[in-house]
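Structure first, commentary second.
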Amino acid sequence: ATTARMLFLLSLAALSGTHTVLAVTDWKTLNLRARELPPGIEAVSKGVSIQQHREDIGGVNTFYQTAEPPAGVARSGQAVLLLHGAAFSSQTWVDRVPTMATLAALGHSVIAIDLPGFGKTRGSVSDKGEYLAQVIDTLSPDTKPVVITPSASGAFIFPLLSSAPDKLSAWVPVAPVSISSRKEFYQNLTLPAMIVYGERDFGARRSNKLLSLMPNSTRPEELPNAGHPAYLDQPGLWHQLLANFIDRVAGNNTFQ
């Protein structure tokens with residue numbers, strides 16, 4: 001485990017140097033599969049501590065979990081906010097797919113919340129976009145997060161993107177529902193976005209066409225033999241795509 005950790009840290013240090021290479025990214029042609037995850041990441045992720053919290057946000061006693069880079073891992077300066085689908089919660093990113101630990105092991109600050117009415121968060125909100133804006137203001141006040149929104153959490157992210165897209169540094173829609181049908185909405189949305197869906201999720205193809213209208217979106221990334229919650233079926237590829245996308249986002253932030 002010690003050797004694996006050393007290899008991982010050396011790889012992560014080498015990758016951090018890429019942040020000063022490219023000031024402009026052509027997101028449409030970016031190959032997010034070209035670079036593997038650093039060796040030893042599983043060993044390092046086991047050293048990540050996941051903390052549980054509660055905070056009153058928009059009048060809702062919100063349950064959320066956080067993870068920070070473990071000792072010896074350089075901080076990227078990037079924050080990641082994980083939402084969830086209707087059948088899931090923040091715990092999905094802990095024990096069903098280790099996304100929180102993996103991203104923290106890569107140097108990111110990670111937040112996962114239980115949306116109102118799900119998991120350990122009771123209550124409801126009338127303005128989902130405003131609630132999500134307050135989540136970001138409260139839990140990541142100094143860093144614009146990359147926001148990951150699977151499925152039903154589209155009901156929260158789309159109102160926010162309509163009113164305050166500048167609260168995000170980037171967006172990862174995973175087969176979102178409750179989406180806007182206006183082409184102009186996507187054509188005017190300039191933040192970087194990585195589109196992800198499962199090969200067996202045939203309903204996602206309609207949303208992919210709309211999402212692809214964003215000028216700074218990636219090509220839709222299909223996870224093979226995966227269903228609607230595609231990250232559950234292909235966790236390794238899911239984490240590889242996330243790692244490379246967020247690394248590029250953090251690199252571009254260097255030049256802003």
Residues that [X] engages under side-chain contact (heavy atoms from CB on, under 4.5 Å), provided they are two or more places apart:
X    : answer
A230 : L223, A226
P224 : E199, Q234, L237
D26  : K28, T29
T138 : E55, I57

What closest approach, in Å, do [X] and [Y] show between heavy atoms, and which atom pair accounts for it?
X    : Y    : value
A193 : M214 : CB-CE, 3.5 Å
V249 : A170 : CG2-CB, 3.7 Å
S151 : H228 : OG-NE2, 2.8 Å
G59  : D56  : N-OD1, 3.3 Å
L32  : N244 : O-ND2, 2.8 Å

Next item on the list: List in chain and number order the residues that pass salt bridge (Lys or Arg N to Asp or Glu O under 4.0 Å) with R33, two or more places apart in sequence or in another chain; answer none if no residue qualifies.
Entry: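 With neighbours one apart ignored, the set is E221.
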Notebook entry, point to check: In chain order, what residues pass the salt bridge (Lys or Arg N to Asp or Glu O under 4.0 Å) check against K167, with sequence neighbours excluded?
Noted result: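 Once residues adjacent in sequence are excluded, the partners of K167 under the salt bridge (Lys or Arg N to Asp or Glu O under 4.0 Å) criterion are D137.
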Rounded to the nearest 0.5 Å, what separates atom [atom1] in [X] from atom [atom2] in [Y]?
X    : Y    : atom1 : atom2 : result
L161 : L168 : CG    : CG    : 6.0 Å
L83  : S89  : CG    : OG    : 12.0 Å
K144 : L191 : NZ    : CG    : 10.0 Å
L30  : N216 : CG    : CG    : 11.5 Å
L82  : F88  : CG    : CZ    : 13.5 Å
S49  : Q51  : OG    : CD    : 3.5 Å

Check: Should the pair E222-R205 be classified as a salt bridge under the 4.0 Å nitrogen-to-oxygen rule?
Finding: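 Answer for the salt bridge query: yes.
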Checklist line | Pairs satisfying salt bridge (charged side-chain N to carboxylate O under 4.0 Å, His left out), at least one member in residues 115-125, at least two apart | finding: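 Not a single pair qualifies under salt bridge (charged side-chain N to carboxylate O under 4.0 Å, His left out).
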Item checked: H84 versus S90, side-chain donor and acceptor atoms under 3.5 Å ->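 No, because no side-chain N or O of S90 sits under 3.5 Å from a partner of the opposite role on H84.
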Next item on the list: Would you kindly say whether S169 and Q78 are connected by a side-chain donor-acceptor distance under 3.5 Å?
Entry: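 Q78 and S169 do have a side-chain donor-acceptor pair below 3.5 Å.
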Next item on the list: Would you list the pairs meeting side chain to side chain donor-acceptor pair (under 3.5 Å) in which at least one residue belongs to residues 170-181, sequence neighbours left out?
Entry: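 Of all non-adjacent pairs touching residues 170-181, those that pass side chain to side chain donor-acceptor pair (under 3.5 Å) are T149-W171.
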Notebook entry, point to check: Does any pair with a residue in residues 175-198 pass ring-ring contact (aromatic ring centres under 6.0 Å, His included), and if so which ones, sequence neighbours excluded?
Noted result: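 Pairs touching residues 175-198 that pass the test: F158-F185.
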Next item on the list: Only pairs at least two apart or in different chains count here, so list each ring-ring contact (aromatic ring centres under 6.0 Å, His included) that has a residue in residues 39-64.
Entry: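 Counting only pairs at least two positions apart or across chains, the ring-ring contact (aromatic ring centres under 6.0 Å, His included) contacts touching residues 39-64 are H53-Y64.
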Margin query: Using side chain to side chain donor-acceptor pair (under 3.5 Å), reason through E68 and T66 one step at a time and then give a plain yes or no.
Written below: CA-CA 7 Å; E68 296 293 337; T66 59; 5.7 Å; no
Next item on the list: Report yes or no: do I148 and I113 belong to one cluster of Ile/Leu/Val/Met/Phe/Trp/Tyr joined by side chain heavy-atom distances under 4.5 Å?
Entry: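 Shared cluster, no.
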Item checked: Criterion side chain to side chain donor-acceptor pair (under 3.5 Å) on Q65 and Q91, from CA distance to verdict -> CA-CA 8 Å; Q65 305 190 61; Q91 192 64 21; 3.0 Å; yes
Next item on the list: Can you spot which of P176, S217, P220 makes a side-chain contact (heavy atoms from CB on, under 4.5 Å) with L211?
Entry: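 Single side-chain contact (heavy atoms from CB on, under 4.5 Å) partner of L211 among P176, S217, P220: P176.
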Next item on the list: With R54 as reference, evaluate T62, D114, N61 under the side-chain contact (heavy atoms from CB on, under 4.5 Å) test and give the passing residue.
Entry: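 Testing R54 for a side-chain contact (heavy atoms from CB on, under 4.5 Å) against T62, D114, N61 leaves exactly one candidate, N61.
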Show me, pair by pair, the donor-acceptor contacts under 3.5 angstrom made by side chains of residues 97-108, not counting sequence neighbours?
unit_1, atom_1, unit_2, atom_2, d
T99, OG1, W238, NE1, 3.1
T99, OG1, H239, NE2, 2.8
T102, OG1, P98, O, 2.7
H108, ND1, S76, OG, 2.6

Checklist line | is_close_aromatic(W93, Y231), centroid dist under 6.0 Å | finding: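 They qualify: ring centres under 6.0 Å apart.
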Note to self: Is it the case that over 12 heavy atoms from other parts of the model lie below 6.0 angstrom from the CZ atom of R206?
What the structure shows: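 Open.
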Item checked: Residue list, side chain to side chain donor-acceptor pair (under 3.5 Å) with T92, at least two apart or on another chain ->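 By the side chain to side chain donor-acceptor pair (under 3.5 Å) rule, T92 matches no residue at all.
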